[in-house]
Amino acid sequence: MHRDVESILLTKEQVLARTKELADRIAKDYAGEPVLMVCILRGAVLFFSDLVRMIDGEVDFDFMAVSSYGAGAKSSGEVTIIKDVSRPIEGRNVIMVEDVIDSGNTLHYLKRLLLERKPKSLKICAMLDKPECREAEIEGDYVGFCVPNKFVVGYGLDFNEKYRNLNDICILKSEIYD
Ligand code: IMP
Ligand code: MG
C-alpha cells in the first residue's frame with residue numbers, strides 16, 4: 001500500500017466486476033443503437049477504458065476536459081471547459097462518463113451545455129457517487145458505487161495530480177490534504 005494511503009475503499013477487482021454490470025446494463029438499454037461515450041478527462045480515463053471494452057454494442061468515443069477544482073480537495077463550483085468534444089452530438093445517444101459525482105456542479109454544468117446541442121438522449125455514468133456532498137440537482141443514470149464523504153484517490157482519481165495510477169480506490173491520509 002502507498003504510504004500516503006490510510007485504507008483501501010474498493011479494490012480494482014471490485015471496480016471491474018461492477019463495471020461489467022454497468023456495461024451489460026448499457027448494452028441492454030441501447031439494444032443495438034449506437035452510443036457516443038464521452039470521457040470526462042482526466043479522472044475518468046481508466047474507468048472509461050475498462051467500461052467501453054466491456055460494452056457489447058456499437059460504441060464511439062469522444063473526450064472532454066474540464067476543471068472545477070483548482071489545487072485542493074474542495075470543489076470551487078466554477079467549471080471551465082479545457083477541451084470540448086471534437087464532433088457534433090446532435091441526434092446522438094450520448095453517455096457522459098465521469099469518475100465521481102461530488103457536489104454535482106461539474107455534471108450539472110456539462111449536462112446543460114450538452115443538452116443545448118440537442119442529442120437524441122443524454123445520460124450520466126459515474127464510477128463513484130458521493131450523495132452526501134450534493135449541491136447541484138443531478139443524478140447518475142449508471143452509478144458504480146455510492147461512497148462516503150471521504151477524499152479518495154487511485155484508479156484515475158487524483159489529489160493534486162498524484163496517485164492516479166494506483167490500482168485500487170484508496171482513502172488518502174487526511175494529513176496529506178489538511
Ligand atoms: P463536483 O463538481 O463537485 O461533482 O466534482 C466532481 C469532480 O471533483 C470529479 O470529477 C473529481 O475530479 C473531483 N473529485 C471529487 N471528489 C473527489 C475525490 O474524492 N477524489 C478525487 N477527486 C475528486
Ligand atoms: Mg474529474
Side-chain angles (χ1 to χ4, degrees), residues 1-12 14-16 18-19 22 36-52 61-85 94-116 122-178:
M1 203 158 75
H2 192 288
R3 64 191 161 86
D4 297 348
V5 163
E6 183 181 283
S7 60
I8 293 174
L9 182 66
L10 295 160
T11 64
K12 181 180 179 176
Q14 287 175 299
V15 176
L16 285 175
R18 181 67 182 141
T19 304
L22 296 180
L36 174 65
M37 307 287 292
V38 176
C39 176
I40 313 300
L41 297 170
R42 293 180 296 272
V45 72
L46 299 184
F47 171 58
F48 182 84
S49 70
D50 289 324
L51 178 68
V52 294
F61 312 159
D62 212 329
F63 299 88
M64 287 185 91
V66 299
S67 141
S68 59
Y69 254 57
K74 191 94 186 73
S75 175
S76 67
E78 273 173 55
V79 182
T80 316
I81 304 285
I82 295 165
K83 188 221 168 296
D84 204 338
V85 287
V94 178
I95 302 180
M96 288 189 275
V97 182
E98 177 62 303
D99 49 7
V100 46
I101 314 177
D102 186 32
S103 71
N105 290 326
T106 307
L107 280 170
H108 186 262
Y109 178 88
L110 289 178
K111 193 172 179 182
R112 238 188 24 206
L113 181 81
L114 294 191
L115 279 176
E116 283 171 12
L122 180 63
K123 292 208 169 163
I124 292 170
C125 177
M127 178 169 69
L128 305 179
D129 187 3
K130 295 183 186 173
E132 282 171 55
C133 305
R134 203 69 94 251
E135 290 167 15
E137 209 174 294
I138 197 90
E139 244 182 84
D141 300 287
Y142 304 97
V143 171
F145 301 90
C146 282
V147 296
N149 181 14
K150 294 250 170 146
F151 202 79
V152 290
V153 296
Y155 215 84
L157 292 154
D158 74 306
F159 176 64
N160 288 349
E161 299 306 324
K162 279 178 74 179
Y163 316 109
R164 289 195 196 273
N165 61 327
L166 301 185
N167 273 305
D168 304 312
I169 297 179
C170 305
I171 296 175
L172 205 54
K173 287 181 179 163
S174 58
E175 69 231 44
I176 305 295
Y177 57 82
D178 278 343

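Everything numeric in this text was worked out from a predicted model, so none of it was measured. One-based numbering, in listed order, for ligands and for the atoms of each. We count residues from 1, following the sequence as given. The figures that follow rest on heavy atoms only: side chains count, while hydrogens, waters and symmetry mates do not.
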Measuring from atom CE of M127 to atom CG of D99, what distance do you get when rounded to the nearest 0.5 angstrom?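 Output value for this atom pair is 6.0 Å.
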
Should R42 and E161 count as an ion pair when the cut-off is N to O under 4.0 Å?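 Result for this pair is yes, salt bridge flagged.
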
D168/K12 salt bridge by N-O under 4.0 Å criterion: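 No salt bridge links K12 with D168.
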
query: With a 4.5 Å heavy-atom cut-off, do L41 and F63 have their side chains touching?
result: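 They are in contact (side-chain heavy atoms under 4.5 Å apart), so the answer is yes.
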
Open item on the list: Are the side chains of L110 and M64 in contact, using a 4.5 Å heavy-atom criterion?
Closed with: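 Yes - at least one pair of side-chain heavy atoms lies under 4.5 Å apart.
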
Check your understanding: Without hydrogens or angle criteria, can the side chains of Y155 and D50 be said to hold a donor-acceptor pair below 3.5 Å?
Key ->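 Yes, side-chain donor-acceptor contact under 3.5 Å.
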
> Would G43 count as a contact of ligand 1 if the rule is a heavy atom under 4.0 Å away?
Replying inline: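 No, G43 has no heavy atom closer than 4.0 Å to ligand 1.
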
task = Tell me, please: is K130 in heavy-atom contact with ligand 1, that is, under 4.0 Å?
result =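 Judged by the 4.0 Å heavy-atom criterion, K130 does count as contacting ligand 1.
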
What part of [X], side chain from CB on, backbone N/CA/C/O, both or neither, has a heavy atom under 4.0 Å from ligand 1?
{"X": "K150", "result": "backbone"}
{"X": "D102", "result": "both"}
{"X": "V152", "result": "both"}
{"X": "L107", "result": "neither"}

Determine, using ring centers only, whether F151 and F159 are less than 6.0 Å apart.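 Yes: the rings meet the under 6.0 Å criterion.
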
Numbering as shown, the atoms of ligand 1 that approach [X] to under 4.0 Å (heavy-atom distance):
{"X": "V100", "value": "6 (C), 9 (C), 10 (O), 11 (C), 14 (N), 15 (C), 16 (N), 17 (C), 23 (C)"}
{"X": "N105", "value": "2 (O), 4 (O)"}
{"X": "L157", "value": "21 (C), 22 (N)"}

Can you tell which of I40, V79, I169, T106 gets a heavy atom nearest to atom 2 (O) of ligand 1?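 Ranked by closest heavy atom to atom 2 (O) of ligand 1, first place is T106.
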
| Among G156, S67, G154, S103, closest by any non-hydrogen atom to atom 1 (P) of ligand 1 |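 The residue whose heavy atom sits nearest atom 1 (P) of ligand 1 is S103.
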
Among V100, V152, I8, which residue satisfies the side-chain contact (heavy atoms from CB on, under 4.5 Å) criterion with I169?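 When V100, V152, I8 are each tested with I169, the side-chain contact (heavy atoms from CB on, under 4.5 Å) holds only for V152.
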
Ligand 1 N/O within reach of F151 N/O, cut-off under 3.5 Å
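No; the residue has no nitrogen or oxygen that sits under 3.5 Å from a nitrogen or oxygen of the ligand.
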
